[in-house]
Amino acid sequence: MPPAPYCPVPSRVSLNAHLYRSGAPDQLRHLINDIGRAAKYIQFAIRTTEAGLAGTKNQFGEEQIKLDVLSDQIIQQNLWESRLVSCFSSEEMEDVVEIESRNPYAVVFDPLDGSSLVDANFAIGSIFGIYEGNTIIGRRPREQVAALYIIYGPRTLLVYTIGKGVHEFILNEVGEFILLRENLGVADAAKNYSPGNLRAVVDTPPYRNMMNIWLDEKLTLRYSGAMVADIHHIISKGQGVFANVGGSKYPQGKLRLVFECGPFSFLMEQAGGSSSNGKDAIMDIMITATDQRTPIIIGSKTEVDRVCKVLSSK
Ligand code: AHG
Ligand code: MN
Ligand code: MN
């Protein structure tokens, strides 16, 4: 029998079909689908679990809510069952967990970003970075082979890159991620700004200068308190800048290189934007510990450059 022709392109493109058509290696495609499955359980848990505290703290000494713990467990379960993960590191856990060193991928994740906003019913999300091999320490975010996030808002969206553009999917009524927009792009100039760790203006005068410039130039403020939602705003609207810089409370800013800044930097570069710690590209910073924090300026290229310049002036 001759080989069957390709399946016709359907009017609804699933995440799985999109990954296949983009040339994702089969194992990477399966892993991203498994992460998508975890996300469906998390979005259900968000709707049905009360927003109270778990009575425990994570590796950063932050109070965990029940949903932080539950989301972490759901993701871990799916990573174990995929049989594709060599090791993983979660924002909620101190150590890298080794599964099977011969498996192809190391995964880093923030199970629930913005979890303190659950009771306020703001958008929150899960963030993932995927590396080939069986190590995390000593790698740089540029080595990621995939990065994705899921945002649980009025709609549940999944946005991924495997280094071939940034693509957005919506979770439909029957539990499948369906393509919404392909090749999302971020323009060089920003009209929106998203100033995180703003308490730092008190002891970081250049940050106050930057804030004044944004105010004087009448840029539009968009800041939700969940990085996943603030970054999605930039990627969705196609412009904007997000900053989280150091001050006395958080000398390196509040955000984590491995779980938050690394994955978003890959996605932002793929969308045509950039990200920096003020001096170097986030993509080129070496991971020395899973609890490493870094200042970050990310989004529209020209604005990222300008913010870095203003922040480095006295
Ligand atoms: P998480 O909920 O995973 O701890 O992350 C919250 C982070 C990030 O999403 C957000 O940008 C930042 O905390 C907000 O900090 P401020 O409340 O200081 O603005
Ligand atoms: Mn987070
Ligand atoms: Mn988190």
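We use all heavy atoms of the structure for the numbers below, so side chains are in, but hydrogens, waters and symmetry mates are not. Computed from a predicted model, the values in this text were never measured in an experiment. Counting starts at 1 for both ligands and their atoms, following the listed order.
Using a 4.0 Å cut-off between charged side-chain N and carboxylate O, R306 and E217 make a salt bridge. A salt bridge is absent between R256 and D110; no separation between the charged side-chain nitrogens and carboxylate oxygens falls under 4.0 Å. A salt bridge is absent between K57 and E62; no separation between the charged side-chain nitrogens and carboxylate oxygens falls under 4.0 Å.
Proximity of a side-chain donor or acceptor of T156 to a complementary backbone N or O of Y152 within less than 3.5 Å is not detected. Here the side chain of Q292 pairs a donor or acceptor atom with the backbone of T288 at under 3.5 angstrom. T204 contributes no side-chain N or O that, together with a main-chain N or O of Y207, makes up a donor-acceptor pair within less than 3.5 Å.
Annotation: protein N, O or S atoms under 2.8 Å of the Mn ion (ligand 2) (waters excluded) comprise D110 OD2, D113 OD1, E260 OE2.
Protein residues are said to neighbour a ligand when one of their heavy atoms lies under 4.0 Å from it; for ligand 1 these are E62, E91, D110, L112, D113, G114, S115, R199, Y223, G225, A226, M227, F242, K254, L255, R256, E260.
Here F264 and Y149 bring their ring centres to under 6.0 angstrom of each other.
Just one of H167, H232, R181 meets the side chain to side chain contact (heavy atoms under 4.5 Å, CB included) condition when paired with V159; it is H232.
Because its NZ or CZ atom is not both nearer than 6.0 Å to the ring centre of Y250 and within 45° of the ring axis, R293 does not count as a cation-pi partner of that residue.
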